[in-house]
Amino acid sequence: MRYAILGDIHSNLEALRAVLDALDQVPFGALLCTGDLVGYGAAPREVLRLVRDLQPTVLVGGNHDWAAAGRLPLEYFNPFARDAILWTRKVLDRVDLDFLGRHPALATHDGVTVSHGTIHDPEAFDYLQSAYDAHLSFSQLRTPYAFVGHSHVPVTFRSGAAVTYLLGDVIELGDAAQAVMNVGSVGQPRDEDPRAAFGVFDDETRVLEVHRVEYDVEAAVARIREAGLPDFLGERLRIGR
Ligand code: ZN
């Protein structure tokens, strides 16, 4: 089975369209979404419509999705994120907000676990970004493979006597019994590469490809400015931070 993995789209329609165009060239059998469809960006309605049309095999809720739906308190967020969540609530209708609030923070499907934050405490929405975080998550992981989001930085952790991590565009899992993979962010990359990120994983070859695609960053920045959202949310897209 080949899986396509998308996460942290964050209401960035231009980035999502570019990723979907790229995915047209890559056959896959299942689509996994690691959460945060909304927040930060200025096209939540359009992004929700596209994602619903895709009918993902697995879709989990991210902290921004849950906050927009009123399922997570706003104190949890920095002021820029809070502004964007309040704006998102204003522009979405009840049906969209209910959709954002009804997906669990972690879901399992056919040997694959999908979570926005950590596996060991998904509803806390902590980042899974160190070998120690991964060690805690492996202790609770009941499937060979897991996909997480939230940090917006691609990284893969492999289980073993000591947890190891791998960076790069092509990740080979080798003989590791389990792996937790983060393919990066579609709509707000934070690894200093502004291109949109998505992943393709083949569970027969056990290889993860992290793809990066250029998109119309300036159109997304202009949309954020026109919506009256903080300029910083546009500026960070240009530098991938
Ligand atoms: Zn996010």
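Both ligands and their constituent atoms are indexed starting at 1 by order of listing.
Each of L32 and F198 belongs to its own hydrophobic cluster when Ile, Leu, Val, Met, Phe, Trp and Tyr are linked at side-chain heavy-atom distances under 4.5 angstrom.
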Let's go through E192 and I239 carefully: what are the C-alpha distance in whole Å and the side-chain angles of both, what is the deciding distance for side-chain contact (heavy atoms from CB on, under 4.5 Å) to 0.1 Å, and is it a yes or a no? CA-CA 6 Å; E192 301 185 8; I239 51 172; over 6 Å; no
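Screening H150, R190, H64, H152 for a side-chain hydrogen bond (donor to acceptor under 3.5 Å, both in side chains) involving D8 leaves a single residue, H152.
In summary, the aromatic rings of F28 and Y3 are positioned with their centroids too far apart to meet the 6.0 Å limit. Aromatic rings of H120 and F138 (six-membered ring for Trp) have centroids beyond the 6.0 Å cut-off, not under it.
F201 and F147 have perpendicular rings, their planes meeting at more than 60° on a 0 to 90° scale where under 30° would count as parallel.
For the Zn ion (ligand 1), the set of protein N/O/S atoms nearer than 2.8 Å consists of D8 OD1, H10 NE2, D36 OD2, H152 NE2, ordered by chain and number.
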